[in-house]
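Before any comments, here is the structure.
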Amino acid sequence: MNYHGTKTVYLFGNPDLPYDAVPVELFGPLARKFPDMNFRVVDPNELDLPTEDEDLIIIDTVEGLAAPRFISIDEIAQLKARVTAHDFDLGSFLLLAQKMNKNIAIQIIGIPMSYDAGRALDEIKPLLSSLA
């Protein structure tokens with residue numbers, strides 16, 4: 001979330017599961033490439049609801065994607081019945097955050113499961129640059 005103008009990007013993923021680890025693996029390279037952004041590896045249950053002047057930027061693995069891309073909050077709402085508790089928890093959190101604060105800017109960058117980390121890094125750089 002914004003702190004004195006610095007954007008925080010929350011990285012979700014499980015380093016113990018190769019198909020879900022890419023966002024966590026990108027922590028170091030992203031921090032070096034975007035020194036004006038604050039990157040944090042977090043669990044969805046560790047997030048606080050953002051305040052009115054804060055943005056919520058998330059990078060997470062998403063099943064069914066062909067390439068990294070922005071995921072809209074409307075897509076999350078349409079997929080309310082999810083398979084895993086992780087997806088349900090994060091999706092529910094995002095929908096609650098939007099409901100509590102209609103002015104919040106929520107940006108989600110989805111990375112396909114089991115995607116190559118180097119390729120993902122190259123493909124999300126322009127997405128993150130568009131948010132800077």
Side-chain angles (χ1 to χ4, degrees):
M1 292 169 207
N2 289 338
Y3 177 74
H4 300 292
T6 300
K7 292 187 184 295
T8 297
V9 179
Y10 296 93
L11 305 171
F12 294 93
N14 185 338
D16 296 329
L17 301 173
Y19 63 86
D20 193 30
V22 172
V24 176
E25 293 171 2
L26 296 180
F27 174 80
L30 288 173
R32 287 187 293 278
K33 175 66 180 168
F34 297 95
D36 293 336
M37 290 184 168
N38 177 26
F39 292 90
R40 287 187 51 209
V41 176
V42 293
D43 181 281
N45 297 318
E46 296 174 1
L47 288 176
D48 293 323
L49 286 173
T51 62
E52 190 169 318
D53 61 341
E54 295 176 314
D55 295 337
L56 188 56
I57 304 169
I58 294 170
I59 299 176
D60 196 3
T61 51
V62 178
E63 187 174 0
L65 292 183
R69 68 174 179 87
F70 284 110
I71 305 291
S72 73
I73 195 71
D74 292 335
E75 288 178 84
I76 300 287
Q78 290 174 356
L79 299 173
K80 192 169 183 177
R82 303 296 299 242
V83 176
T84 68
H86 166 78
D87 290 334
F88 177 78
D89 290 344
L90 180 57
S92 296
F93 173 83
L94 296 173
L95 293 170
L96 177 63
Q98 183 187 45
K99 187 173 187 172
M100 304 258 318
N101 183 354
K102 298 281 185 201
N103 297 323
I104 186 174
I106 299 174
Q107 301 290 333
I108 306 156
I109 298 174
I111 298 174
M113 292 186 137
S114 301
Y115 211 67
D116 177 73
R119 186 174 172 195
L121 179 63
D122 290 341
E123 293 178 19
I124 65 172
K125 283 179 188 176
L127 300 175
L128 279 174
S129 292
S130 73
L131 301 175

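- To the nearest 0.5 Å, atoms CD1 (I111) and CG (L26) are separated by 5.0 Å.
- To the nearest 0.5 Å, atoms CZ (F34) and CD1 (I124) are separated by 7.5 Å.
- Heavy-atom minimum distance, A117 versus V22: CA-CG1, 4.0 Å.
- For the pair D60/I71, no side-chain contact is recorded, criterion being any heavy-atom separation below 4.5 Å from C-beta on.
- Summarising the local packing, OH of Y19 is surrounded by 12 or fewer heavy atoms from other residues, nucleotides or ligands at distances under 6.0 Å.
- From I59, atom CD1 reaches atom CZ of F27 across 11.5 Å, with rounding to the nearest 0.5 Å.
- A heavy-atom distance below 4.5 Å is not found between the side chains of V24 and L11.
- Heavy-atom minimum distance, A21 versus P15: CB-CA, 3.8 Å.
- We find the CG-CD1 distance between L127 and I57 to be 11.5 Å, quoted to the nearest 0.5 Å.
- Contact between A120 and P68 at its shortest, heavy atoms only, is CA-CG, 4.3 Å.
- Residues L128 and V9 have side chains in contact (heavy-atom distance under 4.5 Å, counting atoms from C-beta outward).
- Counting heavy atoms of neighbouring residues, nucleotides and ligands inside a 6.0 Å radius, atom NZ of K33 does not exceed 12 of them.
- With values rounded to the nearest 0.5 angstrom, R69 atom CZ is found 4.5 Å from E75 atom CD.
- With sequence neighbours left out, E123 forms a salt bridge (Lys or Arg N to Asp or Glu O under 4.0 Å) with R119.
- Nearest heavy atom pair, residue Y115 against residue A66, reads CE1-O, 3.7 Å.
- Considering CG of L56 and OG1 of T8, their distance stands at 10.0 Å, rounded to 0.5 Å.
- For the residue pair P29 and L121, the shortest heavy atom distance occurs at CB-CD2, 3.6 Å.
- Inter-residue side-chain proximity for I108 and F70 is flagged as unmet; no heavy-atom pair is nearer than 4.5 Å.
- The main-chain N or O of D20 is never found under 3.5 Å from a side-chain atom of N14 such that the two would form a donor-acceptor pair.
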